[in-house]
Amino acid sequence: MLEVASQPLLLEVNSVVKRFGGVAAVGGLTAHVRQGSVHGLIGPNGAGKTTLINLITGLLHPDEGQIHFAGRHLEKMKPQQIAGLGITRTYQNVRLFSGMSVLEQVMTGCFLERKAGLFSSFLGLPSARNDWKRVREHAMHLLKRVAMDHTADELAETLSYGEQRRIEIARALGSNPRLLLLDEPTAGMNHAEATAVGLLVHELRDAGITILMVEHNMGLVTEFCDSCTVMNFGQLLAEGDPRSCIANPDVQEAYFGRKNDAERIKSLR
Amino acid sequence: MEALFDFWAAYGSTVTFAMANAFFALSTYAVLSTGVLSFTTVTFAAIGGFLAAQMVGQFGLHVYLAFLIAGIGGGLGAAVVASLFLRLESHWMALASLALVLITRVTALNTPGLTGGVNGLVVPVTISQFELFVLLTVTTLVFYRLHNSWYGLASRAVREDAAVASTMGISPYRIQFTAFLISGAVGGLGGAALAFTLQFISPDTYFIGIAFTMIASTVLGGSFHWFGPIVGALIFTALPAAMQAVVPAVEDVAKGVVLILIMVFLPRGLIDPRAIGLRRAAKRRRDIEHEAEKTHA
Ligand SMILES: Nc1ncnc2c1ncn2[C@@H]1O[C@H](COP(=O)(O)OP(=O)(O)O)[C@@H](O)[C@H]1O
Ligand SMILES: [Mg+2]
């Protein structure tokens, strides 16, 4: 962890505000992600985690504040420009393309990885054909990495939820990103599957990819994250080492306080 | 014997019209396959049709050259339309494109120097069924190549989820702009094909009739593969003719009924690659269950 702490910042979120109507889903949040780290983003439902990921990937634009990535401003960029800088993501509610095979999904994720132009690809020039083959192998390799290569030709929407999540990770890896954003990658998975995702995340980090992941399972956060940011009501609640973050009374209150309330209300009925 | 001859004559022209309609359906498919519902094919067809007719009638150009110019004209028209329309939300765009169909007709009516106005234009040249077939085959080849290229993959992604596609580095605007250019060129070719087939065109040639035919063909055949609109245009053109041979008054009713039946029972059209994948998955599940039962027993 010491090595991570000395790494430069790859992503800096500075006083970012995003309002929906009157509500600030993200209300002046500041957060940092160091290069080469696995950074956890935690907080109760509705805390603004997904909104933050949408802001970083350009699907939403902040009302105030800045987002820097490797020295570049992201606030006004289009999603495709941000992807071009090397940021890709997965979605909390899996968003694979309907009607596409598993391999096609991952190939689509490799769009930026191709060297052939759209026109030479249309003409089917030999160089473009070779490039297509190369990218295809790259996609198959990624599918192997998430243990889904045996489903390459199947329609992705016919597979299980956990399998679809893994395909989405492979798709996000298609363009060899520098920063990978995972929005609840283990939701709906059993312990073994979730641990496998955690191990994959470590493998990816060791291969040089920085990871920001939303995760509700505190066991996984302490086991696999190098650092973390805790959000509540769009604001920063705690940050730093995962263990001390989770032990923080405010965090305990935000996560479990409500649950206790809920239990109490239930027992009152 | 006489009747047989009549039948052949009718049948032959049906095939020709089916091919012309296939261009319109493919033009509609070109944009629909990137998630854009647009009736602007009618406008591109009008541009192509009047251009081709004038090139041949006024300037005495060869038919092939006239087709080329019709395609380019349609493409240029599409570039203008796309740069305006792609700013709109999808449902407003569909509505705006319908408005453009009306504007096209009024404009055509009021520029008699270019279109012959209410009197229309006589097209002094025709093309053979074979020539039209070759042109359609070449156009189909273009769609085949598009489908199997990076453009095809990107356009399917944009159609299914433009936001997700954009986070993978695909620019939905660029893909849809390109789609409009293709739609314009193919629509222009279709307009010229219709002009050389009918040998007389007027502002009413390129109007609601084409809009209905192209949408119906694409819905019927399916808009998830290039083969869909071609099959759709063939059936949609041939079916009423066949029906008419049996029950004369039934034509328009039959068109409407077929369209409704398709939308209810085959909402994705006759040609649907996804359905094949779903069937395969269902079969696989059955096989697995079967195996499990066998090992159990
Ligand atoms: N597109 C949107 N329009 C309106 N409100 C939204 C939108 N997206 C998120 N919100 C609101 O912003 C808040 C934060 O949501 P979200 O970022 O999804 O939280 P989390 O991912 O932490 O569960 C919630 O109150 C949610 O209802
Ligand atoms: Mg969320």
Side-chain angles (χ1 to χ4, degrees), chain A residues 53-54 56-60 78-91 94-102 104-114 116-124 128-129 131-132 135 151 153-159 168 171-172 174-175 177 181, chain B residues 30 33-35 141-179 181-182 222-225 228 267-269 271-286 288:
Chain A
I53 289 183
N54 286 340
I56 296 168
T57 49
L59 291 183
L60 294 173
K78 295 198 175 103
Q80 57 266 30
Q81 293 172 304
I82 292 171
L85 293 179
I87 302 181
T88 58
R89 64 175 290 182
T90 64
Y91 297 82
V94 178
R95 283 168 81 171
L96 290 171
F97 301 114
S98 170
M100 273 195 201
S101 74
V102 170
E104 283 172 329
Q105 310 272 355
V106 183
M107 289 285 282
T108 312
C110 297
F111 187 77
L112 288 169
E113 183 51 26
R114 81 197 195 284
L118 290 188
F119 194 61
S120 61
S121 162
F122 160 71
L123 292 178
R129 278 173 194 270
D131 187 57
W132 181 270
V135 176
T151 64
D153 294 327
E154 279 159 39
L155 209 53
E157 61 213 272
T158 64
L159 301 173
E168 231 190 21
R171 183 177 71 175
S175 58
L181 311 174
Chain B
S33 61
T34 65
L141 208 64
V142 167
F143 278 89
Y144 163 79
R145 278 307 312 160
L146 285 171
H147 190 85
N148 293 297
S149 74
W150 279 110
Y151 171 84
L153 202 55
S155 65
R156 271 170 275 160
V158 168
R159 176 198 196 144
E160 294 303 333
D161 197 329
V164 172
S166 71
T167 63
M168 297 192 299
I170 299 167
S171 162
Y173 181 86
R174 276 197 203 174
I175 295 294
Q176 291 175 340
F177 196 93
T178 309
L181 295 185
I182 297 162
S223 59
F224 294 90
H225 191 276
R268 289 170 61 98
I271 309 293
D272 181 10
R274 176 168 161 270
I276 298 166
L278 289 177
R279 270 201 297 277
R280 257 196 15 212
K283 181 178 180 305
R284 203 174 51 241
R285 267 197 302 277
R286 273 201 308 278
I288 290 168

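Proteins get letters first, then strands, A, B, ... in listed order; numbering begins at 1 in each.
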Determine, step by step, whether L153(B) and F111(A) satisfy the side chain to side chain contact (heavy atoms under 4.5 Å, CB included) criterion, reporting the C-alpha distance in whole Å, the side-chain angles of both residues, the deciding distance to 0.1 Å, and the verdict. CA-CA 9 Å; L153(B) 202 55; F111(A) 187 77; over 6 Å; no

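- Only the side chain of E157(A) has a heavy atom closer than 4.5 Å to any heavy atom of chain B.
- The most heavy-atom pairs under 4.5 Å with chain A, out of S171(B), A154(B), P273(B), come from S171(B).
- Under the salt bridge (charged side-chain N to carboxylate O under 4.0 Å, His left out) rule, E154(A) has a single partner from R284(B), R285(B), R279(B), K283(B), which is R284(B).
- Ranked by heavy-atom pairs under 4.5 Å with chain B, the first of S98(A), G117(A), G84(A) is S98(A).
- A distance of 12.0 Å separates CZ of F122(A) from OG1 of T178(B), quoted to the nearest 0.5 Å.
- Residues passing the salt bridge (charged side-chain N to carboxylate O under 4.0 Å, His left out) test with R268(B) are D272(B), sequence neighbours excluded.
- Neither the backbone nor the side chain of I82(A) comes within less than 4.5 Å of any heavy atom of chain B.
- Sorted by first and then second residue, the salt bridge (Lys or Arg N to Asp or Glu O under 4.0 Å) pairs involving residues 143-160 of chain B (not counting sequence neighbours) are E104(A)-R156(B).
- Of the two parts of Y91(A), only the side chain, counted from C-beta on, holds a non-hydrogen atom closer than 4.5 Å to a non-hydrogen atom of chain B.
- Residues S166(B) and L59(A) meet the side-chain proximity criterion, which asks for heavy atoms closer than 4.5 Å.
- For the atom pair CZ of F119(A) and OG of S149(B), the computed distance is 10.5 Å after rounding to the nearest 0.5 Å.
- The distance from the OG1 atom of T167(B) to the CZ atom of R89(A) is 6.5 Å, given to the nearest 0.5 Å.
- Of all heavy-atom pairs spanning R171(A) and V164(B), the tightest one is NH2-CG1, 3.5 Å.
- In this structure, CE in M168(B) is found 5.5 Å from OG1 in T108(A), a value given to the nearest 0.5 Å.
- Counting heavy-atom pairs under 4.5 Å between each of P172(B), A157(B), A275(B) and chain A puts A157(B) at the top.
- Under the 4.5 Å side-chain criterion, counting only non-hydrogen atoms from C-beta, R280(B) is not in contact with L155(A).
- With a threshold of 4.5 angstrom between heavy atoms, M100(A) approaches chain B through side-chain atoms but not through N, CA, C or O.
- Contacts of S175(A) with chain B are absent, with no heavy-atom separation under 4.5 Å from either backbone or side chain.
- In this structure, CZ in R174(B) is found 9.0 Å from CG in L118(A), a value given to the nearest 0.5 Å.
- Nearest heavy atoms, W150(B) versus S121(A): N-OG, 3.0 Å.
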